[in-house]
Number of protein chains: 2
Amino acid sequence: MMDRIPIGLELNLTSRTVRRAFDSALLAAGGSLPVWLILLSLKRGNVDNQRELAEAIGIRGATLTHHLNGLETQGVLTRRRDPRNRRVHIVELTQAGEAFFARLREAAMVFDMRLKVGFSDDELSLLARGLNQLRLNVAGNTKEAGKKPPLLPDD
Amino acid sequence: MMDRIPIGLELNLTSRTVRRAFDSALLAAGGSLPVWLILLSLKRGNVDNQRELAEAIGIRGATLTHHLNGLETQGVLTRRRDPRNRRVHIVELTQAGEAFFARLREAAMVFDMRLKVGFSDDELSLLARGLNQLRLNVAGNTKEAGKKPPLLPDD
DNA sequence: TTCAAATTGTTAGATGTCAAATTGTTTGAC
DNA sequence: GTCAAACAATTTGACATCTAACAATTTGAA
């Protein structure tokens with residue numbers, strides 16, 4: 001009812017602020033946000049190719065290529081053609097890459113603790129669900145917009 | 001308790017996805033996200049100088065200067081020195097700028113409706129408060145981290 | 001078998017963003 | 001009055017990101 005700042009603006013400002021703080025924390029460990037996201041996704045092993053990797057972290061394939069070039073030059077990872085499908089590049093961490101990942105993970109874990117201050121488990125879940133709904137609402141197909149179960153009980 | 005995706009990753013992915021969709025909507029109206037944020041903040045009239053304007057929309061002063069240069073070249077706005085404090089630039093929309101703003105506002109309002117689908121007023125408030133808390137948690141001074149009132153009633 | 005369409009990744013060119021250094025202005029201490 | 005410090009904005013040089021166009025490969029249908 002009351003006039004509210006559009007949720008999109010709120011999201012944008014929060015994301016920029018949090019990202020800047022996180023980036024600064026990673027910088028102290030020699031990394032950056034996109035690099036961390038790439039290494040984390042690779043270690044999780046739940047992506048099969050660069051297209052999926054790029055989508056998982058919210059960047060375009062071209063941008064991913066750019067970062068992979070840099071990381072390969074630094075000796076953090078290697079790329080080789082998948083013999084079973086030569087369109088695909090198999091991306092693998094080197095030993096140095098593993099050590100680098102461990103260092104960044106330290107910084108990321110510390111930051112995550114700081115970010116969650118003041119949130120209960122339920123509140124965190126709810127926030128995550130809200131964010132997820134925003135994402136669904138702008139997804140290409142309008143199928144998932146306006147999901148079934150309300151986020152809060154309907155008293 | 002259960003393993004959860006870090007809220008920072010969730011925030012990052014959501015923000016990128018939503019931003020891309022919004023940017024695309026603004027592009028159809030001849031604008032972009034940073035341009036829209038600048039014009040909106042100027043129209044609201046709650047910032048006194050470029051430093052405050054940049055902070056309000058979450059970019060750095062240098063980035064703002066860059067956009068203002070472009071907008072001034074396009075004839076959307078003018079800059080002149082404040083005679084009472086010649087360090088300050090007074091930024092004003094031209095008539096063409098007002099028309100441009102009106103066009104972008106149309107697109108922004110349509111998008112905001114789409115983004116809010118499935119959210120009740122209370123849910124939207126809660127989401128905004130959660131985002132605000134994240135912002136406080138990474139703010140330079142740790143004073144506001146871990147605020148008093150819980151986001152959800154403590155049953 | 002062959003070839004058009006789909007898929008994967010890269011390149012090229014443009015824009016958005018930032019930190020650091022710089023220019024001009026104001027403020028405050030003396 | 002003078003000058004150092006703070007302040008507002010700009011410039012510079014670097015990265016991050018995007019879209020569009022492209023090259024190589026795979027797939028599927030005739």
Side-chain angles (χ1 to χ4, degrees), chain A residues 12-13 15-28 30-38 42 47-74 77-91, chain B residues 12-13 15-28 30-39 42 47-74 77-92:
Chain A
N12 180 60
L13 188 53
S15 169
R16 284 179 127 106
T17 305
V18 171
R19 179 195 161 125
R20 224 175 262 135
F22 188 35
D23 227 358
S24 148
L26 290 174
L27 188 63
S32 70
L33 178 59
V35 164
W36 163 244
L37 293 176
I38 288 167
L42 286 176
V47 294
D48 280 348
N49 53 47
Q50 292 185 195
R51 177 183 54 75
E52 289 181 10
L53 175 53
E55 185 173 1
I57 68 184
I59 63 177
R60 299 306 193 183
T63 306
L64 178 59
T65 292
H66 166 73
H67 290 299
L68 292 181
N69 287 343
L71 290 170
E72 193 170 25
T73 298
Q74 290 175 55
L77 51 82
T78 58
R79 275 181 292 186
R80 59 191 173 83
R81 290 289 175 181
D82 182 344
R84 290 170 310 174
N85 181 346
R86 294 185 43 75
R87 286 173 301 190
V88 172
H89 270 164
I90 296 178
V91 182
Chain B
N12 180 59
L13 187 54
S15 169
R16 285 181 126 107
T17 305
V18 171
R19 179 193 162 128
R20 222 175 264 133
F22 188 35
D23 227 359
S24 149
L26 289 174
L27 188 65
S32 70
L33 177 60
V35 163
W36 163 245
L37 293 175
I38 289 167
L39 297 187
L42 287 176
V47 293
D48 279 349
N49 53 46
Q50 292 185 195
R51 178 183 54 75
E52 289 181 10
L53 174 53
E55 184 174 1
I57 67 184
I59 62 177
R60 300 306 191 182
T63 306
L64 177 59
T65 292
H66 166 75
H67 290 300
L68 291 181
N69 287 343
L71 290 170
E72 193 169 25
T73 299
Q74 291 175 51
L77 51 82
T78 59
R79 274 181 291 186
R80 58 193 174 83
R81 289 290 176 183
D82 183 343
R84 290 170 311 172
N85 182 347
R86 291 186 43 75
R87 287 174 300 191
V88 171
H89 268 164
I90 296 177
V91 182
E92 288 166 319

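We name chains A, B, ... by the order of the sequence lines, and we start the count at 1 in each one.
Taking atom CD1 of I59(A) as the reference point, atom P of dC18(D) lies 7 Å away to the nearest angstrom. Rounded to whole Å, atom P of dT8(C) lies 14 Å from atom CZ of R84(A). Remark: P of dG9(C) and CG of L71(A) are 16 Å apart, rounded to the nearest angstrom. If you take CZ of R16(B) and P of dC18(D), they are 6 Å apart, rounded to a whole angstrom.
A side-chain N or O of R81(A) and one of H89(A) form a donor-acceptor pair less than 3.5 Å apart.
A distance of 12.5 Å separates CD1 in I57(B) from CD in E52(B), rounded to the nearest 0.5 Å. To the nearest 0.5 Å, atom CD1 of residue I38(B) and atom CD1 of residue I59(B) are 5.0 Å apart. L71(B) contributes atom CG, which lies 11.5 Å from atom OG1 of T78(B) (distance to the nearest 0.5 angstrom). Atoms CG and CG, from D82(B) and N49(B) in turn, are 9.5 Å apart once rounded to the nearest 0.5 Å.
Proximity of R86(B) to the phosphate of dG24(C): no side-chain N or O atom is located under 4.0 Å from OP1 or OP2.
Non-hydrogen atoms lying under 4.0 Å from DNA chain C are contributed by R19(B), all within residues 17-27 of chain B.
Considering every non-hydrogen atom in both L37(A) and R16(B), the closest pair reads CD1-NH1, 4.3 Å.
Using a 4.5 Å heavy-atom threshold, the side chains of S32(A) and D23(A) count as touching.
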query = Along nucleotides 1-15 of chain D, 5' to 3', which nucleotides get a B, which get an S, and which get a -, given that the test is a protein heavy-atom distance under 4.0 Å?
reply = ------BSSBB----

Tabulate below the donor-acceptor pairs under 3.5 Å that side-chain atoms of residues 60-69 of chain A make, not counting sequence neighbours, or state none.
| residue | atom | partner | partner atom | Å |
| --- | --- | --- | --- | --- |
| T65(A) | OG1 | G61(A) | O | 3.3 |
| N69(A) | OD1 | R79(A) | NH2 | 2.5 |
| N69(A) | ND2 | T65(A) | O | 3.4 |

